[in-house]
Each structure stands twice: as structure tokens, then as C-alpha cells.
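Comments concern the structure below.
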Amino acid sequence: RWANQFEALGIEFLRSNDMMHPDAFDHSTLAVWAHSHKRKDFLFLEDLPKNEIYHGPFSLPSNRMMVDFCKHLVRCGCLEDHLWP
């Protein structure tokens with residue numbers, strides 16, 4: 001459902017950075033998964049103002065990458081029977 005809505009709206013990249021994903025155990029899982037699957041469909045926002053808190057770059061995963069990553073999490077967690085239709 002989520003993938004269909006994003007596709008219908010023409011959303012190519014997410015607004016949340018690559019550390020905001022549904023794997024509760026490690027914030028870097030998406031980046032590691034993307035690297036191991038040779039996925040490079042990130043949007044890098046490198047021109048944002050930097051300060052003592054934000055050092056950049058800010059990378060946004062593509063919608064397609066997030067869908068594929070979530071499918072991977074579902075398979076790894078044996079969650080197929082627990083998803084809404």
C-alpha cells in the first residue's frame with residue numbers, strides 16, 4: 001500500500017535520511033544493505049548549512065530502495081504472514 005501511494009504521488013526520494021528506517025537494531029542497516037547490494041540510489045544534499053550539530057552530508061534513499069530494503073527486512077524477520085494485505 002505504501003509503495004503504491006508513493007508511486008502515485010511521484011515521490012522519488014524520501015524526506016527522511018538513510019538512518020530513519022524500520023530496522024530497530026542498527027541505524028546503519030540501510031546503508032550497509034545498500035552497499036552490499038551495490039545500490040547507489042541516494043540523493044545527497046551536500047549544500048545544507050553545517051554547524052556544531054550537523055556536519056553533513058544528508059543522504060536520502062530513493063523510494064524504490066526503501067521498498068526493496070523493507071522487503072528484505074520482512075523476509076529476514078519471517079514477517080510475511082503478519083503484514084496487512
Side-chain angles (χ1 to χ4, degrees):
R1 189 170 17 174
W2 174 71
N4 292 337
Q5 292 171 346
F6 270 58
E7 187 175 329
L9 293 171
I11 298 172
E12 186 177 358
F13 293 94
L14 303 183
R15 293 187 313 168
S16 301
N17 70 20
D18 62 340
M19 289 188 264
M20 304 297 157
H21 54 71
D23 185 343
F25 299 105
D26 187 351
H27 69 276
S28 64
T29 306
L30 175 59
V32 171
W33 178 87
H35 180 75
S36 69
H37 288 83
K38 298 180 177 33
R39 296 289 295 263
K40 298 182 181 188
D41 39 333
F42 286 100
L43 176 63
F44 293 97
L45 303 177
E46 300 182 42
D47 296 333
L48 297 174
K50 296 174 177 60
N51 58 32
E52 63 277 351
I53 297 171
Y54 173 71
H55 303 283
F58 196 74
S59 56
L60 307 176
S62 72
N63 177 33
R64 183 80 253 153
M65 183 191 305
M66 183 60 79
V67 168
D68 293 344
F69 176 67
C70 290
K71 287 178 183 177
H72 164 77
L73 292 178
V74 167
R75 279 191 309 274
C76 287
C78 301
L79 300 171
E80 294 90 345
D81 295 336
H82 303 284
L83 297 177
W84 293 342

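Note: hydrogens, waters and symmetry copies are ignored here, and every other heavy atom, side chains too, is used. If you read the sequence from its start, that first residue is 1, and numbering goes on from there.
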Out of curiosity, Ser59 OG to Asp41 CG, how far, rounded to the nearest 0.5 Å? 11.5 Å
Pro61 and Ser16: which non-hydrogen atoms are nearest, and at how many Å? CD-O, 3.5 Å
Partners passing side-chain contact (heavy atoms from CB on, under 4.5 Å) against Asp81 (at least two apart in sequence or in another chain): none
Across all chains, not counting sequence neighbours, the side-chain hydrogen bond (donor to acceptor under 3.5 Å, both in side chains) partners of Asn17 are none
With heavy-atom distances below 4.5 Å as the criterion, would you say the side chains of Arg39 and Arg64 are in contact? yes
Under the rule for side-chain hydrogen bond (donor to acceptor under 3.5 Å, both in side chains), what residues qualify as partners of Asp26, not counting sequence neighbours? Ser28
Across all chains, not counting sequence neighbours, the ring pair (Phe, Tyr, Trp, His ring centres under 6.0 Å) partners of Phe69 are His21, Trp33
Drop me the distance from Leu14's CG to Met65's CE, to the nearest 0.5 angstrom. 9.5 Å
To the closest 0.5 Å, what do you measure between OG (Ser62) and CZ (Phe6)? 11.5 Å
Sequence neighbours excluded, the answer for side-chain contact (heavy atoms from CB on, under 4.5 Å) partners of Arg75 is Lys71, His72, Glu80
Around His35, counting heavy atoms of other residues, nucleotides and ligands shown, do more than 12 lie under 6.0 Å from its NE2? no
To the nearest 0.5 Å, tell me how far Asn4 CG sits from Leu9 CG. 11.0 Å
Partner set under side-chain contact (heavy atoms from CB on, under 4.5 Å) for Leu45, not counting sequence neighbours: Leu43, Leu48, Phe58, Leu60
Under a 4.5 Å side-chain heavy-atom rule over Ile, Leu, Val, Met, Phe, Trp and Tyr, are Phe42 and Ile11 clustered together? yes
Hphob cluster co-occupancy, Phe44 + Met66, side-chain heavy atoms under 4.5 angstrom: yes
